[in-house]
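Heads up: the structure comes next, in structure tokens.
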Amino acid sequence: MKPFCLVSPSKIIDVWGDAHNVNCITEGGLSNIEVLDLLKEFNDEGGIQLSDHLYSDVNKKRFYVLWVNGCPVGVLVISISTRFSRNASRIYIEPNAVFILEKFRGIRLGADLSSTVARIVSTELIHKITKSKLQTGDQLRVTLYADFESEEGEAFVNIFFYGITDGAFNIVSSNWGLSVNYESDTGY
């Protein structure tokens, strides 16, 4: 697996830590084979077994990679679709799959990954909404979907959804006067 330092700087979306521990989140940065190798390591730990189809074809999906001290330790895959029209504007957001290797859980790295990607997605959605030509009073329906596999996954998604709704949609409803309606389709 390639170390973090070989990832293109344009893919880096957040870096934090100190002289002893450097954490990073990148958009992409691993090949299909590297993602599937990391998933195999996760599945070999026991517990929840995730299907590799959720993580295949990194070029066609949004992949975010969590790195600790130069090594990939987790992956988030999300899908977003948008449709803007005067009568039926809709945004669909789904964290398709997420995992963090066991020895890196319980130290808030999942929360960091979740909130950082929520911030990036919020910024992107604000740009799309701005370009959409929606006007004051127009309706925007936002569907947040997730299928939980664990309590940790549920906590991850809750942080992610809060970051999205508190970010992009709070801004568009208060500043542009759009009427935002939320639907949440989440559960086990």
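Everything numeric here is computed off the predicted structure, so don't read it as measured data.
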To the nearest 0.5 angstrom, please state how far the [atom1] atom of [X] sits from the [atom2] atom of [Y].
X      : Y      : atom1 : atom2 : value
His127 : Ser122 : NE2   : OG    : 11.0 Å
Arg141 : Ser89  : CZ    : OG    : 11.0 Å
Ile120 : Leu125 : CD1   : CG    : 11.5 Å
Ser114 : Leu66  : OG    : CG    : 11.5 Å
Asp37  : Ser31  : CG    : OG    : 7.5 Å
Ile80  : Tyr92  : CD1   : OH    : 11.5 Å

With clusters defined by side-chain heavy atoms of hydrophobic residues (ILVMFWY) lying less than 4.5 Å apart, directly or transitively, does [Y] cluster with [X]?
X      : Y      : value
Val75  : Ile159 : no
Ile13  : Ile164 : yes
Val117 : Ile107 : yes

For the residue pair Arg62 and Ser79, confirm or rule out a side-chain donor-acceptor distance under 3.5 Å.
no
Donor-acceptor pair between Asn69 and Asn21 side chains, under 3.5 angstrom
yes
Do you know which two heavy atoms are closest between [X] and [Y], and how far apart they sit?
X      : Y      : result
Ile78  : Pro95  : CG2-CA, 3.6 Å
Gly28  : Val65  : O-CG2, 3.4 Å
Phe84  : Lys128 : CE1-O, 3.9 Å
Ile100 : Leu109 : CD1-C, 4.2 Å
Ser150 : Gly153 : OG-N, 2.9 Å
Pro72  : Leu38  : O-CD1, 3.4 Å

With a 4.5 Å limit on heavy-atom distance, are the side chains of [X] and [Y] in contact?
X      : Y      : value
Val22  : Val15  : yes
Leu140 : Asn181 : no
Trp67  : Leu30  : yes
Ile25  : Trp16  : yes
Asp185 : Leu144 : no
Tyr145 : Ile93  : no
Thr143 : Ile91  : no
Asp112 : Asn23  : no

Please evaluate residues Thr82 and Arg90 with respect to the criterion side chain to side chain donor-acceptor pair (under 3.5 Å), reporting the C-alpha separation (whole Å), side-chain torsions for both, the decisive distance (0.1 Å), and the verdict.
CA-CA 6 Å; Thr82 58; Arg90 184 170 192 80; over 6 Å; no
Phe156 vs Leu76, side chain to side chain contact (heavy atoms under 4.5 Å, CB included): CA-CA, chis, key distance, verdict
CA-CA 10 Å; Phe156 181 94; Leu76 166 62; 3.8 Å; yes
Presence of salt bridge, Glu45 and Arg105, under 4.0 angstrom
yes
Glu124/Arg119 ion pair, N-O < 4.0 Å:
no
More than 12 heavy atoms of other groups within 6.0 Å of Tyr182 OH
yes
Show, in sequence, the C-alpha distance, side-chain angles and deciding distance for Val35 and Phe63, and conclude whether the side chain to side chain contact (heavy atoms under 4.5 Å, CB included) test is met.
CA-CA 9 Å; Val35 169; Phe63 278 80; 3.9 Å; yes
Can Phe161 and Val142 be said to form a side chain to side chain contact (heavy atoms under 4.5 Å, CB included), step by step?
CA-CA 11 Å; Phe161 287 165; Val142 179; over 6 Å; no
Ile129 backbone acceptor or donor facing Ser132 side chain under 3.5 Å:
yes
Kindly indicate, with the supporting measurements, whether the criterion side chain to side chain contact (heavy atoms under 4.5 Å, CB included) is fulfilled by Asp138 and Gln135.
CA-CA 6 Å; Asp138 285 348; Gln135 299 175 6; 3.8 Å; yes
